[in-house]
Structure formats: C-alpha cells, structure tokens
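Everything on this sheet refers to the single structure shown next.
If you're wondering where the values come from, they're calculated on a predicted model, not measured in any experiment. In what follows, chains are A, B, ... by sequence order, proteins preceding strands, each numbered from 1.
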Amino acid sequence: MLLIPCPWCGPRPENEFHYGGEAHIARPADPSALDDAAWADFLYMRSNPKGLLAERWRHLHGCGRFFNCLRDTVSDRIAVTYKPGEPRPAMP
Amino acid sequence: MDNATMRFSAFSLLRHGILGGTWSPQWRDPEPRAGYDVVIVGAGGHGLATAYYLAKQHGIRNVAVLERGWLGGGNTGRNTTVIRSNYLQDASAAIYEHALKLWHGLAAELNYNVMYSARGVLMLAHNEHDVRVGRRHVHANRLNGIDNEWLSPEQAKAFCPPLNIRRDIRYPVLGGALQRRGGVARHDAVAWGYARATSDLGVDILQNCEVTAIRRNTAGRVIAVETSRGRIAARKVAVVAAGHTSVLMAMASVRMPIESFPLQALVSEPVKPVMPCVVMSNTIHAYLSQSDKGELVIGAGTDAHTSYSQAGGLHVPAHTLEAICELFPAFRRLRMLRNWGGIVDVTPDRSPIIGQTPVPGLYVNCGWGTGGFKATPGSGHVFAATIANDEPHPIAAPFSLDRFSAGRMIDEAAAAAVAH
C-alpha cells in the first residue's frame with residue numbers, strides 16, 4: 001500500500017484515496033472543432049509511461065480534494081505531490 | 001527417433017527412467033538471422049500462438065518471436081488459467097467461443113498435453129443486481145449458442161460442495177451462472193506446447209532479446225527492429241506484449257488506449273482434491289480453483305493505480321481472501337504459499353485490440369486486460385490471419401484499434417471477473 005502525501009493533510013495510507021488517472025489532460029477549449037481522432041485521443045489515449053507519470057489522486061476519505069502526483073511506475077516511489085492548477089514540477 | 005511424436009512416449013519415459021540420461025531440448029535456441037518476413041514481439045501464449053498459426057495455416061515460416069525475458073515468463077506464467085466464453089456482447093462471444101472450441105482439440109493439435117479440464121466455471125450472484133446481470137448473460141450466451149445455465153443456491157452447492165450458501169452471511173449466494181464447458185488448463189504447458197510446435201515448423205524463438213527501437217522508412221513503413229541482440233530486419237512487426245504494449249507502440253509513435261495495472265494472484269499450500277470447479281464472484285471478488293498439484297489458485301484484483309512493478313499492494317489480495325473465507329469457511333486455515341503480480345493492459349471498454357495500426361507493416365494484439373489466457377488459441381489464430389492477409393479476420397474485425405475513434409465500443413466491463 002502506498003503512503004501518499006496529500007498536499008493539504010500530509011502522508012496518509014493509499015486506501016484513503018481514490019485514483020484519478022493521468023493528470024494534465026485538459027478538456028478541449030473548442031470541442032466543436034475536434035474531429036473523431038482528436039476526440040478519441042482526448043477520451044481514450046493515454047501515455048501510460050514506464051517511468052515518471054503525472055497522475056491525479058483524490059483524498060476521498062480525508063479533505064476530499066483532488067491533487068496531482070509524480071510517481072515512478074517502475075518502483076512506485078512518489079517523487080512529489082502538488083496542488084491542482086500548478087504546473088508539473090521539473091524533475092532531475 | 002527424435003521427432004515430436006516420440007519424445008514423450010510411454011516407452012521413452014520407461015527407458016529414461018531405467019537408463020537415465022537427459023531429455024533433448026524442446027525447441028531450438030537459434031542465433032537471430034538478419035531479417036524475417038514477420039517479427040513477433042513477445043513470446044507469451046498469444047505471441048507463440050500467432051507464430052504457430054502463421055506457420056501452420058498460412059505457410060509463413062520465416063518468422064521470429066522475440067522475447068525480452070524468457071518464454072512464457074510474463075502473464076502467460078502468472079495468470080490463474082481460467083477458460084470460459086460466457087461474454088455478453090456478440091463480438092466477444094464470437095472470439096472467446098472461437099478460442100474455447102480450439103482449446104478442445106489443442107493438446108492433439110500441438111501433440112502436447114495442455115491439461116485442459118472442462119470442470120465448469122460458476123459465477124456467483126450476491127444481490128438482486130447480480131442476479132439480473134447473471135441471468136442476462138445466460139440468455140445472451142444461449143442466443144449465441146454458448147452454454148450457460150442459471151443455478152439456484154442449492155444447485156450451486158450441489159455442484160460445488162465447499163460453497164457456503166447460508167443466508168446469514170454478509171453477501172449470501174443468491175444463485176450463479178454455470179458454464180460447464182469452462183474450466184482450466186496448464187498455463188506453462190500452453191506456452192511450451194506452442195513453442196515446441198512452432199519451433200518444429202521453422203520459426204525462430206529468440207529469448208533474452210529485448211526490442212529497443214522500431215525502425216521505419218521515409219514512407220513510414222516498418223522495416224526493422226533494434227534489439228539487445230542486434231538489428232533485425234522485418235517486413236511486418238506484430239506487437240503482442242501485454243502490459244508493455246504502450247512502451248513498444250511509442251517506439252513507432254502510436255498512442256494506445258491502454259493503461260497498465262498490476263494484477264495479483266496467489267496459491268495456497270497443496271491439499272487433497274476439495275474444489276471441483278472454478279468459482280468466481282465479481283461483487284465481493286472471490287476467485288479460485290484448485291490446480292492438479294492441489295494448491296488453491298486464487299485471483300486477486302488490480303491495484304487502483306497504474307504500475308509496471310509486477311507487485312501490487314498487499315491489501316488487494318487480502319480483500320479477496322476475506323471474501324473466500326466467508327464463502328468457503330473450510331479454507332480459513334489454509335496457509336498461502338506464494339503471491340505474485342503481472343502487468344495487465346486494460347482498455348477503456350475492457351475488450352482487446354487486434355489488428356492493423358496507422359503504421360504500415362505494424363500490427364498489434366493487446367488489451368486483454370485481466371482475462372487473456374482463455375483466448376490464447378483464438379487470439380493467435382485470428383491475429384495470424386490478420387497479419388497474413390493484411391486485412392482483419394472476420395472475428396477480429398470488431399476489435400480494431402479504430403473502434404475508439406469510430407465509437408464502436410465493445411463494453412465488457414461486467415463480463416470481466418476481475419474488478420477494475
């Protein structure tokens with residue numbers, strides 16, 4: 001079980017959280033301008049990297065708030081968590 | 001006599017028993033050639049089956065199967081070996097039933113005992129919604145000519161005696177759908193059987209051969225792969241890499257609708273035959289059968305988060321064991337021997353992706369998620385036809401990659417026995 005540092009509440013066990021999938025996937029600004037392929041990319045295509053992944057978590061059984069997290073998908077180590085709206089931190 | 005038909009005869013067993021000696025290798029271990037007509041990436045069950053049917057049915061034998069680790073060492077050797085075809089949608093019923101029919105004759109086809117045992121798969125219902133969904137599956141399956149029948153709790157108990165059908169447990173058994181032709185097979189034997197038969201047909205199986213890049217010409221067509229054992233030219237490249245599909249497809253700049261999750265399984269200490277069938281319960285996630293060695297083989301769920309770690313959190317199998325302890329009180333004192341994880345490739349509609357890709361010469365077979373083992377022969381069979389003819393096999397056609405932009409989803413989230 002992961003120990004996840006909520007940016008507001010501090011480190012808490014994984015079962016207090018709900019997973020939100022890949023982060024920084026913004027809804028298209030002009031949806032009517034999108035063709036089918038662009039919609040499919042927004043809705044379904046995922047980077048699914050083997051390495052650092054920016055992902056969303058929600059502290060469901062805590063403060064209830066969403067936040068973002070950089071985690072290594074090979075080691076499952078969490079590098080950093082950050083608040084929504086903040087840019088993805090540059091990692092070494 | 002060193003052909004495949006004699007290697008494991010009763011006589012050769014007796015002779016080896018008395019005289020000793022070593023068994024000959026079951027498949028060749030060749031050096032990579034400079035190029036092949038088809039390079040298949042991934043020597044799991046699906047990749048080996050694809051190579052087998054390419055060679056056997058389509059006469060394409062200048063084929064290599066590349067494997068990063070060892071043959072059958074990924075999800076083929078890590079799954080819980082359940083076989084069934086009771087899927088809801090017509091397209092899914094067609095492909096899983098195609099596979100089930102191939103399972104019936106697979107041991108004879110490969111001349112290798114894959115230990116397919118049609119002992120029945122019982123899927124339990126624990127609430128009103130489960131009952132309705134289960135009955136709907138039974139009716140849909142029967143319309144598609146697939147056996148599936150509804151059992152009362154008493155009938156379920158008669159079919160699976162260790163099952164607890166008391167009404168005073170937290171999630172009582174309200175009934176179950178039974179597919180009698182469902183069952184299990186020996187997962188390693190499937191990989192080994194396909195490997196031996198495929199190698200005998202002239203296909204090169206190259207282990208410890210990791211693909212590091214996919215090379216394309218100026219027109220965008222695939223021409224070669226770079227590997228840890230050197231560059232290998234290829235007219236066609238077929239990616240059959242389960243949890244690592246996204247990583248490989250990214251080498252050809254193709255984004256995939258896939259996320260990779262750890263899926264865990266565990267086995268108990270071996271006991272005498274006690275569990276006559278496969279039982280699964282989607283709602284409370286009990287999922288078990290008994291292997292011929294006597295171990296209870298238990299399937300846990302996926303972790304909530306994506307990962308390539310081949311090890312999930314301990315709370316995931318613990319959840320499954322809690323459900324099993326309630327449904328099978330007799331198993332409460334069994335000790336668990338081993339627990340492991342595999343990386344499964346999950347699609348948005350929980351159905352596989354089989355076929356061509358936007359890149360000429362590049363084919364993909366993936367997205368089997370938590371339940372690919374059962375499809376192994378059917379998957380390889382239709383994928384081989386798709387590669388050989390350069391057009392989708394009719395059974396594979398609905399599972400094309402472009403269904404995500406066309407909106408033709410094949411929603412099987414409820415048919416998957418594993419919650420994810």
Could you list the donor-acceptor pairs under 3.5 angstrom formed between side-chain atoms of residues 80-92 of chain A and any protein atom two or more places apart in sequence or on another chain?
unit_1: A:T81; atom_1: OG1; unit_2: A:P5; atom_2: O; d: 2.7
unit_1: A:Y82; atom_1: OH; unit_2: A:H24; atom_2: NE2; d: 2.7
unit_1: A:E86; atom_1: OE1; unit_2: A:K83; atom_2: N; d: 3.3

Any pair counted as salt bridge (Lys or Arg N to Asp or Glu O under 4.0 Å), so long as it reaches residues 15-37 of chain A, sequence neighbours left out: A:R12-A:E16

Work out which heavy atom in B:S405 is nearest to a heavy atom in A:A40; give both atom names and the distance. CA-CB, 3.6 Å

Closest approach of A:T73 and B:S307, non-hydrogen atoms and distance? O-OG, 3.2 Å

Which region of A:S47, side chain (C-beta onward) or backbone (N, CA, C, O), has a non-hydrogen atom less than 4.5 Å from a non-hydrogen atom of chain B, or is it both or neither? both

If one checks every heavy atom of A:N15 against chain B at 4.5 Å, the contacting part turns out to be neither

Taking everything shown except B:H315 itself, do over 12 heavy atoms lie less than 6.0 Å from its NE2? yes

A quick test of your reading: do over 12 heavy atoms of other residues, nucleotides or ligands sit less than 6.0 Å from CH2 of A:W8? yes

Quick one: what part of B:A250 sits under 4.5 Å from any heavy atom of chain A, side chain, backbone, both or neither? neither

Tell me, do A:Y19 and B:T306 make a side-chain contact under 4.5 Å, heavy atoms counted? yes

Answer yes or no: is there a side-chain heavy-atom contact under 4.5 Å between B:H305 and A:L2? yes

With a 3.5 Å distance limit and no angle check, can you tell me whether B:S309 reaches the backbone of A:V74 through a side-chain donor-acceptor pair? no

So which of B:A406, B:P348, B:G313 has the largest heavy-atom pair count under 4.5 angstrom toward chain A? B:P348

Among the listed options B:D402, B:I258, B:V247, the residue most often paired with chain A at heavy-atom distances under 4.5 Å: B:I258

Dump the intermediate steps for side chain to side chain contact (heavy atoms under 4.5 Å, CB included) on A:K50 and B:S260, then the final yes or no. CA-CA 9 Å; A:K50 187 176 185 179; B:S260 298; over 6 Å; no

Could you walk me through whether B:M409 and A:Y44 satisfy the side chain to side chain contact (heavy atoms under 4.5 Å, CB included) test, starting with their C-alpha distance in whole Å, then the side-chain angles of each, then the deciding distance to 0.1 Å, before giving a yes or no? CA-CA 11 Å; B:M409 301 302 175; A:Y44 304 121; 3.1 Å; yes

Do you know which of A:M45, A:R46, A:E55 has the most heavy-atom pairs with chain B at a distance under 4.5 angstrom? A:M45

Side chains of B:Y308 and A:N48: any donor to acceptor distance under 3.5 Å? yes

